[in-house]
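All heavy atoms count here, side chains included; hydrogens, waters and symmetry mates do not. Chain letters run A, B, ... following the sequence lines, proteins first and then strands; every chain starts at 1.
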Amino acid sequence: MNQPVLILGATSAIARGTAAAFARRGHDLYLASRDLDELQRSAADLHLRYGVTVRYGLFDAEDTASHPAFLQQVLAEMHGLSGVVLAVGFLGDPLAARDFKVGAKVIAANFTGAVSILSECASYFEPQKRGFIIGITSVAGDRGRQSNYVYGAAKGALSLFLQGLRNRLYASGVRVITVKPGFVDTAMTFGLPGLFLVASPQDIGERIARTLHKSADVVYLPGFWRFIMLIIKHVPEPIFKRMKM
Amino acid sequence: MPTLITSISGWGRYPLQSCELERPERYADLNSDAPSLIVRGQGRSYGDASLNENGRVLLTERVNRMLELDTEQGILRAEAGVTLAEILAVIVLQGWFLPVTPGTKFVSLGGCVAADVHGKNHHHEGSFCDHVLDLAMILADGTRSHCSATENAELFWATVGGMGLTGIIGEVTLKLIPIQTTRMKVRYHAATNLEQMFKLLQDPTLDDRYSVAWIDSLATGKNLGRGVAMFGHHATLAELGNSKPHSRQLKHDQPARKRTLPFDFPAFALNPLSIGAFNAWYYHREGGKQEPFLSGYDAYFYPLDAIGQWNRLYGKRGFVQYQCVIPEQGAYAGMATLLHELSASRRPSFLAVLKRFGAQGRGMLSFPTAGYTLALDLPIRDSGLFALLDRLDSIVLQHGGRVYLAKDARLSAESFRSMYPRYEEWLKIKSIIDPHNRFSSSLSRRLHIGLNSGRAA
Ligand SMILES: Cc1cc2nc3c(=O)[nH]c(=O)nc-3n(C[C@H](O)[C@H](O)[C@H](O)COP(=O)(O)OP(=O)(O)OC[C@H]3O[C@@H](n4cnc5c(N)ncnc54)[C@H](O)[C@@H]3O)c2cc1C
Ligand SMILES: NC(=O)c1ccc[n+]([C@@H]2O[C@H](COP(=O)([O-])OP(=O)(O)OC[C@H]3O[C@@H](n4cnc5c(N)ncnc54)[C@H](OP(=O)(O)O)[C@@H]3O)[C@@H](O)[C@H]2O)c1
C-alpha cells in the first residue's frame, strides 16, 4: 500500500474532494462512514480516476465501543496508515438541537465520537513517530451564536481537543492539523439562506491535502475566513450578545 | 431535502425561469419528494428542456461516479451525472473513446441519453443510444428498474430521446470504441456553394468516420451554402508513422490556456458586417487546408470548449439554437430554402453547421433521421427572430423534417406533433409508467407533451 490515508465521514462532499486530492497525489485510501453503498461507489470511482487502491468499511462515530476493532481492521487491510482525515460532522436542525435529546446526538457525532476514534489513531501514530491527523472542525466553533451553538460548541470543543493532541504528539513528530472551513457548497448548506463566499468542496478538498506541504497548525479554508473570524471573535461580548446571528 | 429557489436557463440563456433546485449527493437520494419534477444534468441543452418553471429541478451533478470499466471489452458503467470530460480523462489513456460525442464534453451522461445525442459519425455509428447497453432508472412511483434494447425495451426506446420525461436515469452502461492513438487525422475541402457541399458530403471517396461542414450563413446568390467540409478519423499508429511505442501515443491534448468570456458581449458586436468579415476570413483560411493534417482530439471534437462561457458572446438576452433535420429526398431543396430565408433575413448565424445523418434510430422521440441536419445560433435581439423561426419551421415541415428538442426554446405544440410521428406510441408508454405526469418540464408543457400537460402547469 502506498501511504494509505483513512477518511472518516468519507461520504461528505468535503471528504470526497479531500479523497480525490489525496488520490491524485498517489495515496491509497480507506473510506469510512455508515453508508456502505455510497462508499463502494466512491471507492470504485477514485480507483478508476486515479489508479490508487481504495478500500472502504463501516464506521459509526456514535458507536465508540466499535472504534478500536474498526481501526485494527483498517490497519490490517491497509498494512498501516500514513494519516487520517476526520470529516464526520452533523449539523442537525439547530433549533431542535436546543433540546438536549437532539443536541446529544450533535455532540456525539461531532465531538465524542471524534475524540474516541482520534485517540485510537493517536495511540497508533505516536510510537511510529510519524503520521498526520487532520481534523475538520468549523468556523462555527470559534464563537457561540444563537443560530447553531450546540453544533458550534461541539466543533469548538473538537478544536480544543486537536490543539491538546497536537501538543502531545509534537514530540513524536506526528502532525495534527485543525481545518476550519467557512461556507462550503455541500448538503449541509444547500439552500440555506444568508450564505456568502461559498467555496466548492473540490477546492476545499484540494486545500486540505495541501496543508501537509505547509507548516500551519490551524488552517481556515479559504484563508480569508481567518480575518472574518478575527473580527467576529473580537466583537466585545456586551455587544455580541445583542446581535442576531 | 433542502431546496434552493433561483432563476436558471439552458445554454442559450433563454428562457430564464425561476425553479426550485434540489441536489442529492447520494445515489440512494436520487429522487425527490416533489409531485412534479425534471432532471437537469449540465444544463447544456439550449432551451427549456432542463427547466421546470416554479417547479422542482433535480440536479445530478453530485451523482457522478464511474463505477466499472472493463478495459478488455471497453464497457463503462457510471452514474448519470458524470460528464463526458471526466470520462475522457480516464478512458483515453487506456485506448478507448466515446462511441458518439456531441460538440461539447461538458455534458452529463444522463443528458446524452435523454436527448439521444448525435455526433459527427451518425451516418456510420448512429446515435448515443445505439451504444448504450443498460440504463438503471428511478421511475415515477419510486421503483428502481433496468432497461435496455433487450430488457424492458419499450421503456428504453421511450427514454432515449425522451428528454427526461419517462423517469430519472441513474446509471448508464456504455460500449466504448477502441483507439490506437489520441490524434485525429483530418482533411478539409472547400465548397463554393450548397450543391457542391452536398456532393462533398456524399462523396464516398472523401467520406470518413466523422464528417461535418461549416457553412457561411451570410453568403448569398451563387455562393449560397458555401463552406468547408471537414472529414476525420482517429489516427492509427501506422498513420503517425513514427516508432514511439504504443503507450506513448495515448495522451491528452496539451491543455491550452483556458479562456473565459468575462462579460456579456454587447448585442451589436455580432452583426452582419462583423460576422460576414469573419466568415470570409474563415472560409479562405480553413478552406485552403486541402492536405490532411493531424489534430488533437480536444481541438477536433470540442473547439468551443476552449472558451469558457462562450454563450455570453450573444449578449444578455441570450440566443436560440435552431437545429433541424430534413430527410434525404427533400434535403437539398429544403436546406437551400432555409439558407435563403436566413440570409434574406439579415440575421447572421455565427455558427452554421451542416451534417449528414444515417438511418433513423429506434428511440421514439429521437431527433436524427436519414438526411441532413443544419444547426444555427441566432442571437435574440427582437421578436422578429421568433417570426423568422416560425417560417423556418414551416419550411422544415414542408420537407418532412423536424426540430431538435435539446436545442429548442420556442417550437409550437402543433409543429411538434407533426414533426414527431411516434409521439402517440411514446405517450402510451408514458401513461403506463408515469400516469400522473410526474416528470414534466417547461419544454414538455410548452409542447403539450404528456397526459393533461396542456392544462397542468
Ligand atoms: C456547445 C454545444 C454543442 C453541442 N453539440 C451537440 C451535438 O453535436 N449533438 C447533439 O446531439 N447535441 C449537442 N449539444 C446538445 C447537448 O449535447 C444536449 O443538450 C445534452 O442533452 C446536454 O446534456 P446535459 O447534461 O447538459 O443535459 P441538460 O441540458 O441538463 O438536460 C437535457 C435533457 O436531458 C434530461 N436529463 C439530463 N440528465 C438526466 C437524467 N439523469 N435522467 C433523466 N433525464 C435527464 C433533462 O431532463 C433534459 O430534458 C450541444 C450543446 C452545446 C452547448
Ligand atoms: N458544509 C459546510 O459549509 C461546512 C462548514 C464548516 C465545517 N464543515 C464540516 O466539514 C465536514 C464535512 O462537511 P460536509 O458539509 O461535507 O458534510 P455532510 O455532507 O453533511 O457529511 C457529513 C459526513 O459525516 C458523516 N457522519 C455523520 N454522522 C456520522 C456518524 N455518526 N458516524 C459516522 N459518520 C457520520 C456522514 O457519513 P454517513 O452519513 O455516510 O455515515 C458524512 O460523511 C463536517 O465535519 C462539517 O461539520 C462543513
Could you look at [X] and say if it's the side chain, the backbone, both or neither that has a heavy atom under 4.5 Å from chain A?
X: Asn64(B); answer: both
X: Glu79(B); answer: side chain
X: Leu21(B); answer: both

Rounded to the nearest 0.5 angstrom, the CD1-SG distance for Ile38(B) and Cys19(B) is 10.5 Å
Self-check item: Options Leu46(A), Thr189(A), Thr186(A), ranked by heavy-atom pairs under 4.5 Å with chain B, top entry
Solution: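 Going by pairs under 4.5 Å, I would pick Thr186(A).
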Considering only heavy atoms and a distance below 4.5 Å, find which of Ser12(A), Ala44(A), Pro193(A) pairs most often with chain B.
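Most heavy-atom pairs under 4.5 Å with chain B: Ala44(A).
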Worksheet entry | Cationic tip of Arg144(B) above Tyr27(B) ring, under 6.0 Å, 45° of axis | yes
- prompt: Would you find more than 12 non-hydrogen atoms of other residues, nucleotides or ligands less than 6.0 Å from Phe100(A) atom CZ?
  reply: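 Counting other residues, nucleotides and ligands, CZ of Phe100(A) stays at 12 neighbours or fewer.
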Ranked by heavy-atom pairs below 4.5 Å to chain A, first place among Met1(B), Glu20(B), Glu86(B) goes to Glu86(B)
Report task. Examine distances only and state if a side-chain atom of Asp203(A) and a backbone atom of Ala199(A) form a donor-acceptor pair shorter than 3.5 Å. Result -> no
Sorted by chain and number, sequence neighbours left out, side chain to side chain donor-acceptor pair (under 3.5 Å) with Glu206(A) holds for Arg24(A), Arg25(A)
